[in-house]
Novice: 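Before I ask anything, let me first share the structure, which is written out below as structure tokens.
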Amino acid sequence: METRSQLKTHYWVRASPSDFGGTLPQPRSGHTAVNIGKSKIVVFGGLVDRKFLSDLFVYDIENKLWFQPECTGTGSDGQVGPRPRAFHIAVAIDCHMFIFGGRSGGKRLGDFWVLDTDIWQWSELTSFGDLPSPRDFAAASAIGNRKIVMYGGWDGKKWLSDVYVLDTISLEWMELSVSGVLPPPRCGHTATMVEKRLLVYGGRGGGGPIMGDLWALKGLIEDENESPGWTQLKLPGQAPAASCGHTVTSGGPNLLLFGGHATGGWLSRYDVYHNDCVVLDRVSVQWRRLPTNNDRPAARAYHSMTCIGSRYLLFGGFDGKSTYGDIWWLVPEEDPIAKRLTMSLPAVIPENKNASIANDSFISQDKEGQTEGSIFSELHRKLEVSVSLNHHKLIMDELEDREFAELASQVNGEKFPSNALRHHWKMSSPESIQLKELSPLLRDYQRLIIRHHLNKVDLKSQPVESGFPERETFRYYHIRNAMQLRIDDIPSLLAEYKELLSYVKEN
């Protein structure tokens, strides 16, 4: 059992092709991923490019294999399995995965399905009792190995605060009558059974605010003879930010909260997305920041996070602009996967507190690579830029940057009016930057660093003095594409770009 001083450092490592066999799931958000015992993870549904999905992907943990089973079992519409959906609930009981609700297009769903993962057969269920209304963005959890509890959601007209308990044997729903103080109605929250209590965190409430409150519901265990009741918990420590669309995953004595989004930032109509890890330490009963390396996945919400032993597996999600299909491991420092980073440390330049290195960057070990390494080390020292040695080769030349040229032509109609476009950005405010400008702006920012520092370097000698200020930090050189940027990064990116323009001369 961990004590207060034993929270281990964890490492984010992007999954490599050698980690898995088979066909990986396509990008998506609003999907579900559940553990079926210790043998497999089942991913179902989701949304990508406004298309709702009904496909099923399975990760065989022992064989490290992704596959798509051929399922049987039709519903009332004659189709195999549930209709396409996202933002539904999925809960595993033994070898069965139960599905309820969600959204398909603009319609909230109230159908109820079970998948037998031993024979890969779907069954649409006719349930009894107090049937819950159709809804999306609800949250649910298993109570032992027989019952499921579901709380809240959105029915298209109002936020919900009802509690339903399903007996998976009798298929009877019961609406739980709860007295006393109730949490505000919400959707996009999480609900996690911890021993005898259901813990609910965050979500979006009535009127639209994002919440950061934690509630515990008692009275769900029949043998305890407790009257159902809610208690708001205010725990010490470093509490997570208010969030919606986050995940809470059980792992040992801890609950790990990752991701989600909230309103605010420099322009209120945009949501701010998170990628930090906060642990609810059940031993010390407080919030704690999980120590991790700086190379974190892009901020996101409506992803999935499952636990495989001491490892966490992150998949998919959405950041307000892009739908992700990347897969990441979060592992303790002694895990063999973490040792990939340790083994590659001589091959990458160490990161600083303000930047991260893409974990798939490698360095040539030939003489030219070693000479180039000293140049990049000097760049890192002078500018405090974390960067792999081959990253500058991946940055598109200005004359080949079609998106840059097209955007520039909209400024004054010339063929390659880079000066005009740079002047446009120099005079722009963060609020005026459009989303279509982010990719060419990021690439030009990176080109300016390379052109006016690295191109002044003789590969056979020490770098010459540059015009950059010694103390300046350029935080976005390592970013591979604009999808990794958050909305609240734009002001600082633009400010650094303007400083670069002031220190360099146009060619």
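Positions are given from 1, in the same order as the sequence printed here.
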Novice: For a salt bridge (charged side-chain N to carboxylate O under 4.0 Å, His left out) check, start with the C-alpha distance between K8 and E334, then their side-chain angles and the critical distance, and finish with the verdict.
Specialist: CA-CA 9 Å; K8 296 178 180 178; E334 70 274 10; 3.2 Å; yes
Novice: Quick check for you: to the nearest 0.5 Å, what is the distance between D319 atom CG and Y324 atom OH?
Specialist: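 D319 atom CG to Y324 atom OH measures 3.5 Å (nearest 0.5 Å).
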Novice: Find the distance between OG1 (T292) and CD (E333) and round it off to the nearest 0.5 Å.
Specialist: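 It comes to 12.0 Å.
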Novice: Just jot down the ring-ring contact (aromatic ring centres under 6.0 Å, His included) partners of W122, sequence neighbours excluded, or say none.
Specialist: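 Listed in chain order: F44.
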Novice: If you look at every heavy atom in D136 and G102, which pair is closest and at what distance?
Specialist: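 Looks like CB-C, 3.7 Å.
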Novice: Say you draw a straight line from CD1 of I308 to NZ of K64; how long is it, rounded to the nearest 0.5 Å?
Specialist: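 I308 atom CD1 to K64 atom NZ measures 10.5 Å (nearest 0.5 Å).
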Novice: Charged N to carboxylate O under 4.0 angstrom, E403 versus K436?
Specialist: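 So E403 does not pair with K436 through a salt bridge.
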Novice: How many angstroms lie between atom CG of D118 and atom SG of C95, to the nearest 0.5 angstrom?
Specialist: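 The CG atom of D118 sits 4.0 Å away from the SG atom of C95.
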Novice: Between H274 and S243, does a side chain to side chain contact (heavy atoms under 4.5 Å, CB included) hold up when you go through it step by step?
Specialist: CA-CA 8 Å; H274 306 301; S243 64; 4.1 Å; yes
Novice: CZ of F98 to CD1 of I93: how many Å apart, nearest 0.5 Å?
Specialist: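 Result: 6.5 Å between the selected atoms.
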Novice: Whether R83 engages the ring of F52 as a cation-pi pair (distance to the six-membered ring centre under 6.0 angstrom, angle to the ring normal within 45°) should be assessed.
Specialist: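 Not satisfied by the 6.0 Å and 45° rule.
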Novice: Decide yes or no on side chain to side chain donor-acceptor pair (under 3.5 Å) for T117 and H96, but give the supporting numbers first.
Specialist: CA-CA 6 Å; T117 65; H96 296 95; over 6 Å; no
Novice: Would Y497 and W425 count as a close aromatic pair, with their ring centres under 6.0 Å?
Specialist: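 Yes, close enough.
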Novice: For W154, give me all partners under ring-ring contact (aromatic ring centres under 6.0 Å, His included), at least two apart in sequence or on another chain.
Specialist: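 W154: ring-ring contact (aromatic ring centres under 6.0 Å, His included) contacts with W159.
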Novice: According to salt bridge (Lys or Arg N to Asp or Glu O under 4.0 Å), does anything in residues 32-52 pair up with another residue at least two apart or in another chain? List the pairs.
Specialist: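 Passing the test, one end in residues 32-52: no pairs.
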Novice: If we ignore angles and hydrogens, is there a donor and acceptor under 3.5 Å between the side chains of T32 and H88?
Specialist: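 Result is yes, a qualifying pair exists.
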Novice: Have a look at L255 and tell me which of V194, T249, D281 forms a side-chain contact (heavy atoms from CB on, under 4.5 Å) with it.
Specialist: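 Of V194, T249, D281, side-chain contact (heavy atoms from CB on, under 4.5 Å) with L255 is met by V194 alone.
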Novice: Donor-acceptor pair, R85 side chain versus L53 backbone, under 3.5 Å?
Specialist: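 Side chain of R85 to backbone of L53: no pair is present.
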Novice: Starting at OG1 of T168, measure out to CD1 of I148 and round the result to the nearest 0.5 Å.
Specialist: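 Spacing of OG1 (T168) from CD1 (I148) equals 6.0 Å.
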Novice: Would you mind listing every salt bridge (Lys or Arg N to Asp or Glu O under 4.0 Å) that reaches into residues 242-252, with sequence neighbours excluded?
Specialist: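 Counting only pairs at least two positions apart or across chains, no salt bridge (Lys or Arg N to Asp or Glu O under 4.0 Å) contact touches residues 242-252.
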Novice: With respect to H303, which candidate in Y273, F318, Y312, F258 satisfies the ring-ring contact (aromatic ring centres under 6.0 Å, His included) definition?
Specialist: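 So the option named by the test is F258.
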Novice: I'd like to know if D326 and R300 make a salt bridge, using a cut-off of under 4.0 Å between side-chain N and carboxylate O.
Specialist: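 A salt bridge links D326 with R300.
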Novice: Count the heavy atoms belonging to other residues, nucleotides or ligands that lie under 6.0 Å from CD of E70, then report whether that count exceeds 12.
Specialist: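 No, not enclosed.
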Novice: So which atom in I433 and which in L494 form the shortest heavy-atom distance, rounded to 0.1 Å?
Specialist: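 Taking I433 first and L494 second, the nearest heavy atoms are CG1-CD2, 4.2 Å.
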Novice: Of all residues at least two apart in sequence or in a different chain, which pass the ring-ring contact (aromatic ring centres under 6.0 Å, His included) check with F315?
Specialist: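 Residues passing ring-ring contact (aromatic ring centres under 6.0 Å, His included) with F315: H31.
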Novice: Under a 4.5 Å cut-off applied to non-hydrogen side-chain atoms, are P291 and L7 in contact?
Specialist: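 Yes, side chains in contact.
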Novice: Would a line drawn from the ring center of H189 to the ring center of F137 be shorter than 6.0 Å?
Specialist: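 No.
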Novice: Please set out all donor-acceptor pairs under 3.5 angstrom arising from side-chain atoms of residues 19-29, sequence neighbours excluded.
Specialist:
unit_1	atom_1	unit_2	atom_2	d
D19	OD1	R340	NH2	2.2
D19	OD2	S16	N	3.0
D19	OD2	W329	NE1	3.0
D19	OD2	R340	NH1	3.3
D19	OD2	R340	NH2	3.2
R28	NE	Q26	O	3.1
R28	NH1	G45	O	2.9
R28	NH1	D55	OD1	2.7
R28	NH2	D55	OD2	2.9

Novice: Do the side chains of V279 and R289 get nearer than 4.5 Å, heavy atoms only?
Specialist: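 Of all side-chain heavy-atom pairs linking V279 with R289, none is under 4.5 Å.
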